[in-house]
Amino acid sequence: MMQVQLPDGSIKEYPDNATSLDVAESIGPRLAKACIAAVVNGKVVDLKRELRLCREPGDSGPVTVRLLTDRDPEALGVLRHSAAHVMARAVMRLFPNVGLAFGPTLSTGFYYDFDMPDRIREEDFPKIEAEIGKLVAQAEPFDRFELPRSEAIGFVADLKQELKAEHIQTGLADHPTLSFYRQGEFVDLCRGPHIPDAGRIKAVKLLSVAASHFKGDAGGKSLQRLYGTAFFTQKDLDAHLAQVEEAKRRDHRVLGKQHALFHISQEVGPGLCLWLPKGATVRGLLEDFIKAELLKRGYQPVYTPHIGRVEMYETSGHFPYYRDSQFSPIFGHPAGSVVDRWITLLEAGELTSQKEKQFVEFAPLLEARVEGYPLGGLKDEKVASLKTWQSQHERYLLKPMNCPHHVQIYKSQQRSYRDLPVRLAEFGTVYRHEQSGELNGMLRVRGLTQDDAHQFCTPEQVENEFRDTVQLVQFVLGSLGLDDYRVQLSLRDPKSDKYVGSDENWQKAEASLRRVLEEMKLSFEPREGEAAFYGPKADFMVRDCIGREWQLGTVQLDYNLPERFQLEYIGTDNRPHRPVMIHRAPFGSMERFVGVLIEHFAAAFPLWLAPEQIRILPISEKFNDYAAQVEQQLKAAGFRATTDLRSSKINGKVRDAQLELIPYMLVVGREEAEQGTVTVRDRLDADHQKKLPLAQAIAELSAEVHERRIRQKAEPAKPAVAVVEGGEANEY
RNA sequence: GCUAGCGUAGCUCAAUUGGCAGAGCUCCGGUUUUGUAAACCGGAGGUUGUGGGUUCGAGUCCCACCGCUAGCUCCA
């Protein structure tokens, strides 16, 4: 017999070969029927798995069992993974020669990657869904079995599943036994767990198909990834689809065009954002808001140019490290790019003697004198010779980062410990040549303005500075109604060599960040291997009003640049010391942040941010003069107001203002003109209009602006069903 | 960058198997002088992303390039 502990703490005895299903049945037959899976000793497993197999070797204590029904978030992940299997089975029934790759769950659904000769199109979805429907109706069970390694390899070979075979050989090289799941004729290498039978899938829908690469390797085999989602009820699926629709309705690219906020012109270039007057107004207000806040917090404004010498970025490490995602250097000499290419080939060992001869002959045609070039010399001598030439000729880079410029400002004078922390702030525009496939409206662009600042401080000040910065981020996000966020603490992967700086500095930096977050009682998720190459960082993942997450603000510690640029301050001991740098951007970039805000507010900005706050609507042209007086007074009070002087009827004017999401309309006609009043029509509450003396209306609206009040609520999106994301976990 | 799909007026979209490029909104001119989600009449607006090709004839078919979208990969 074995002991089983249930969530209420009670302990019961079961036979040695008992399963979670047996536990459920002993509690009640209805529970047994409702169960999806179970959490045994902390791990989600099949209902039919013997409990003793879930024990660590040597463990003889009671086994903890928590039964999962469709109300537990973990169950949805199990359901979706099983749905991925059923979908794969359906695809294999409908298409020939289908190879299986991976089929994990996502927070919103699942996918399965296929290696197959036919192309799946959206037109094929109905017949695949119909096939899934048949399989669900048959409600066949998922049966687990295990094979020793040697047999498993032959088994998947017999199934002609080459990718699975490769995965067993490489990814699962250290697994002595491998588990499979069978469902009718469909067998898949899989860790599980699965639902008891396909009949548990009550609502499933295919969403999209796209290309992917085997194991995420861009050079690897190209696969077709079929996305879908599944729920325990049709109602949950409908709610999910409604949220997807809501997200589509809020698309900042659509709203940005509709409300003339920004424009991306083919002729200017991809990923280069043109801020239209209304979008620029929103951005300007945000900048003013944060500038005022920075001033209070002891930051000093600086401005720096948009380009800088390549050598500076070589010193900082950005140029060599991110070369592929930077715009090409700007050369002051016509032969600049030729010499650059020459060096690249030399360093890569790809320069044949024939090509080298061509370079040497070609250079003079571009008026480049490279007489000293050691034609018969060593590679290093040649590189040195060419680099000397480069250093004698101008090479500039469109700045990909503001930090080297700010570093130069720090270095422009001798710093005492009394000056520290030095906090230099700039809305700095940087340019990055993002891959074409990455560009996305304002959210991913090639020219962006960071609300950047660099804090130079003593090692002892790091934690205070970091804390102040986190508080700043909290304040600005809170001011915009974005107070639902979590923090990701990105740490280095100790096994990787992509990081610069000493182990000691990394440990210090990571410990400081952790300590402050813990002190501030901010929950955070440590993520190994996600740090920047120069230091750990804390990223703010912000949830918008319909439940989507965006990565916005970031705070990064840097022990590296001060080292590379030999930064110093004079300490109390009258000796030079090395400062620490903190990079931080509460918004991230203005482009991305405004893009997120457009989606968050669905372009209906709160009064303090609205590009046009108030529109005055004269009943007829007879009252245009009074409207002009009202407009003039509103402007004097600091409002962004216009008057609709068109000859259309009031109905038309109201409709247009409403559709343009103007927060307030002031209707003026005979009565208002005679009394010196305005009729205030609130966009969010058109049924309760108030006729107020103009001065009172101004006072009330001013208060709303000064408090930065956020009144609009998102259309209530049903909360997304919580899901424990599996990633590729349930695929081994 | 890769895979797939897409590109028609400022915007949203039509155009049968290859057979005269069209509508609504916006814009401009006029009429109307209005009390809370569209007053009426008229007009302008196009080398169908660019360049080649096939064809008697191309928005439609083929090729290359540019751009957009989704996903992959990347993100200092």
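Throughout, protein chains are lettered first and strands after them, A, B, ... in sequence-line order, and every chain is numbered starting at 1.
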Any side-chain heavy atom of A:F262 sitting closer than 4.5 Å to one from A:V594? no

Quickly work out the A:R592 CZ to B:rA76 P distance and round it to whole Å. 12 Å

Atom P, compared across B:rU31 and B:rU36: separation rounded to whole Å: 26 Å

Student check: side-chain heavy atoms of A:L223 and A:L163 closer than 4.5 Å: yes

Heavy atoms only, 4.0 Å cut-off, all strands: where does A:S436 land among base, sugar-phosphate and nothing? base

For the residue pair A:H306 and A:Y431, categorise the inter-ring angle as parallel (less than 30°), tilted (30 to 60°) or perpendicular (more than 60°). tilted

What is the distance, to the nearest angstrom, from the OH atom on A:Y559 to the P atom on B:rA76? 20 Å

What is the distance, rounded to the nearest whole Å, between atom CD of A:E438 and atom P of B:rG1? 11 Å

What integer number of Å spans the P atoms of B:rG7 and B:rU48? 15 Å

Parallel, tilted or perpendicular: which fits the ring planes of A:Y534 and A:H583, with parallel below 30° and perpendicular above 60°? parallel

A side-chain contact here means heavy atoms from C-beta on lying under 4.5 Å apart; do A:L448 and A:V430 qualify? yes

Whole angstrom value for the distance that separates P of B:rG71 from OH of A:Y111: 13 Å

Rounded to whole angstroms, how far apart are NE2 on A:H252 and C1' on B:rC68? 13 Å

Should the pair A:Y313 and A:H405 be assigned to parallel (<30°), tilted (30 to 60°) or perpendicular (>60°) ring geometry? tilted

Could you give all pairs that pass the side-chain hydrogen bond (donor to acceptor under 3.5 Å, both in side chains) test and reach residues 658-668 of chain A, with sequence neighbours left out? A:R615-A:E660, A:Q658-A:R681, A:Y664-A:E704, A:Y664-A:R711

A:H406 and A:H454 aromatic ring geometry - parallel, tilted or perpendicular at 30°/60° bounds: perpendicular

In whole angstroms, the gap separating C1' of B:rU3 from NE2 of A:H213 amounts to 7 Å

B:rC72 and B:rG59: how far apart are their C1' atoms, nearest whole angstrom? 32 Å

So, are A:D544 and A:R250 salt-bridged, with charged N and O less than 4.0 Å apart? no

For the pair made of NE2 in A:H318 and P in B:rC75, what is the distance, rounded to whole Å? 14 Å

What interatomic distance, in whole Å, is found between C1' of B:rG30 and the corresponding atom of B:rG35? 25 Å

Per-nucleotide pairing state of RNA chain B [Watson-Crick or G-U, under 3.5 Å; [ ] pseudoknot-crossing; | other strand]: (((((((..((((.....[..)))).(((((.......))))).....(((((..]....))))))))))))....

Is the charged tip of A:R80 near the ring of A:F110: under 6.0 Å from the six-membered ring centre and within 45° of its axis? no

What do you reckon, do A:Y534 and the base of B:rA76 stack, with centroid distance below 5.5 Å and planes below 30°? no

Residue-phosphate contact under 4.0 Å: A:K257 side-chain N/O, B:rU12 OP1/OP2: yes

Residue mapping more 5' on RNA chain B - nearest nucleotide basis, A:M401 or A:S212: A:S212

Can a side-chain donor-acceptor contact be found between A:Q488 and A:S490 if the only test is distance below 3.5 angstrom? no

Base of B:rC75 paired with side chain of A:R432 (donor-acceptor, under 3.5 Å): no

What's the gap between B:rA58 and B:rC65 when it is taken at their P atoms, as a whole Å value? 24 Å

Shortest side-chain distance from A:R444, nucleotide among B:rC75, B:rG71, B:rC68: B:rC75

Sugar-phosphate, base or nothing in reach of A:S325, heavy atoms under 4.0 Å: base

In whole Å, measure the gap between the P atoms of B:rG42 and B:rU26 for me. 16 Å

Rounded P spacing from B:rA15 to B:rA9 in Å: 15 Å

Could you work out the separation of B:rC41 and B:rG5 based on their C1' atoms and round it to a whole Å? 44 Å

Integer-rounded Å distance: B:rC68 P and A:Q435 CD: 14 Å

Is it the case that the base of B:rC72 and the side chain of A:Q224 share a donor-acceptor contact (distance under 3.5 Å, atom types as modelled)? no

Using a heavy-atom cut-off of 4.0 Å across all strands, would you classify A:N440 as base, sugar-phosphate, or nothing? sugar-phosphate

Heavy atoms under 4.0 Å is the rule here; annotate nucleotides 34-42 of chain B 5' to 3' with B where the base is hit, S where only the sugar-phosphate is, and - elsewhere. BBBBBB---

